[in-house]
Every structure is written in C-alpha cells, then in structure tokens.
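Taking it in order: structure first as structure tokens, then the write-up.
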Amino acid sequence: MTAYDMIRKPVVTEASMAATAERKYTFVVDKRATKNEIAKAVEKLFDVKVEKVNTINYDGKKKRMGAGRPGKRPDWKKAIVTLTEDSKTIELFEEMV
C-alpha cells in the first residue's frame, strides 16, 4: 500500500481547522493502516516531522436506500496527526483557513 492509498483525504470541519493552530491535522485514512504507517505516509507526502498519531474507527450509519430498503454507509477511519514543534506546517491546510 502506497502513501497515496493510505491517506485518503483531509477532514475539513470547524473543529479540525481550529486544531491546526496546535499543529494537529486530521485525515481520513485506510481502515487497515496502522499508526506507524500513517506517520510515515504523512512525513513522505508533506515533508514534515510527525510527533504522534491518534486514530478513531467509525462504524457506518444505517440508512434507508431507495424505496425504504435497509442499507449502511461504509465504515471509515480518521487519523489526527500531531507535528513536532520544529516541523514546518502542511500548506494544504493553511490555504483553507
């Protein structure tokens, strides 16, 4: 699995954008990715130094699909990556603020 497969997309919410001031960046990641793999992928993609990674697994919500048929949204995993003090910031998030 490559770094591009592991890091799916950034999470852009009010809370995640406020956390960028504390050098914390939030991403949707592959469900099979470990914390070490996520840290290496972020370091490779954005040329930064990662201090720690926190992950959260989410179960997909049950929803009605079509004519009232039961269905389910996919399960997903979120990673909150904290950068070291001497690391540069991720420009992708700086442009959104």
Side-chain angles (χ1 to χ4, degrees):
M1 184 181 319
T2 66
Y4 292 102
D5 295 333
M6 211 169 304
I7 308 295
R8 298 267 169 88
K9 63 183 179 179
V11 175
V12 182
T13 62
E14 190 173 342
S16 68
M17 290 290 106
T20 59
E22 300 171 16
R23 306 181 77 75
K24 293 182 180 183
Y25 299 92
T26 309
F27 298 96
V28 174
V29 296
D30 188 88
K31 280 201 54 80
R32 299 165 294 180
T34 64
K35 290 183 179 185
N36 288 333
E37 291 173 341
I38 293 168
K40 289 177 185 174
V42 169
E43 287 177 349
K44 180 180 177 187
L45 291 176
F46 300 106
D47 193 33
V48 294
K49 294 180 185 175
V50 174
E51 183 177 333
K52 72 176 185 176
V53 177
N54 294 328
T55 58
I56 306 161
N57 286 304
Y58 289 96
D59 292 328
K61 292 182 178 180
K62 292 181 180 176
K63 294 287 185 177
R64 294 186 328 183
M65 305 288 179
R69 294 184 180 88
K72 182 177 165 289
R73 289 187 178 167
D75 299 339
W76 60 288
K77 185 174 191 175
K78 178 169 83 171
I80 301 171
V81 179
T82 305
L83 303 182
T84 60
E85 289 296 322
D86 60 337
S87 175
K88 67 178 188 173
T89 60
I90 298 176
E91 291 90 22
L92 174 73
F93 285 90
E94 300 305 320
E95 295 168 359
M96 292 182 196
V97 176

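Quick note: residue numbers are just sequence positions, from 1. The basis for the numbers below is simple: all heavy atoms, side chains too, and nothing from hydrogens, waters or symmetry mates.
Taking 4.5 Å as the limit, some side-chain heavy atom of Ile56 sits within range of a side-chain heavy atom of Ile80. Side-chain contact between Val42 and Tyr25: absent, with no pair of heavy atoms (C-beta onward) separated by less than 4.5 Å. Annotation: side chain of Val50 is not in contact with side chain of Thr82 (no heavy-atom distance under 4.5 Å).
The heavy-atom pair separating Arg32 from Met1 by the smallest distance is NH2-CE, 3.8 Å. Here the closest heavy-atom approach between residue Gly71 and residue Met65 is recorded as CA-CG, 3.6 Å. What you find for Lys31 and Asn57 is that their closest heavy atoms are NZ-OD1, 3.5 Å.
Remark: Thr55 engages Lys35, Ile38, Val53, Lys77, Ala79 in a side-chain contact (heavy atoms from CB on, under 4.5 Å) (not counting sequence neighbours). Remark: Lys40 engages no residue in a salt bridge (Lys or Arg N to Asp or Glu O under 4.0 Å) (not counting sequence neighbours). Partners of Lys88 by salt bridge (Lys or Arg N to Asp or Glu O under 4.0 Å), not counting sequence neighbours, listed by chain and number: Asp47.
Within the structure, salt bridge (charged side-chain N to carboxylate O under 4.0 Å, His left out) pairs that include any residue of residues 4-20 comprise Arg8-Asp30 (at least two apart or interchain). Sequence neighbours left out, the pairs with a member in residues 67-89 that pass ring-ring contact (aromatic ring centres under 6.0 Å, His included) are Tyr58-Trp76. Sorted by first then second residue, the side-chain hydrogen bond (donor to acceptor under 3.5 Å, both in side chains) pairs that include residues 59-69, not counting sequence neighbours, number zero.
For the atom pair CD of Glu85 and NZ of Lys49, the computed distance is 12.5 Å after rounding to the nearest 0.5 Å.
Counting only N and O atoms by type, the side chains of Asp86 and Thr84 include a donor and acceptor under 3.5 Å apart.
Ile90 and Met17 fall within the same hydrophobic cluster, defined by Ile, Leu, Val, Met, Phe, Trp and Tyr side-chain heavy atoms under 4.5 Å apart, directly or through other members. Taking hydrophobic clusters as Ile, Leu, Val, Met, Phe, Trp and Tyr residues chained together by side-chain heavy-atom distances below 4.5 Å, Val11 does not share a cluster with Leu45.
Heavy atoms from other residues, nucleotides or ligands lying under 6.0 Å from NZ of Lys52 number 12 at most.
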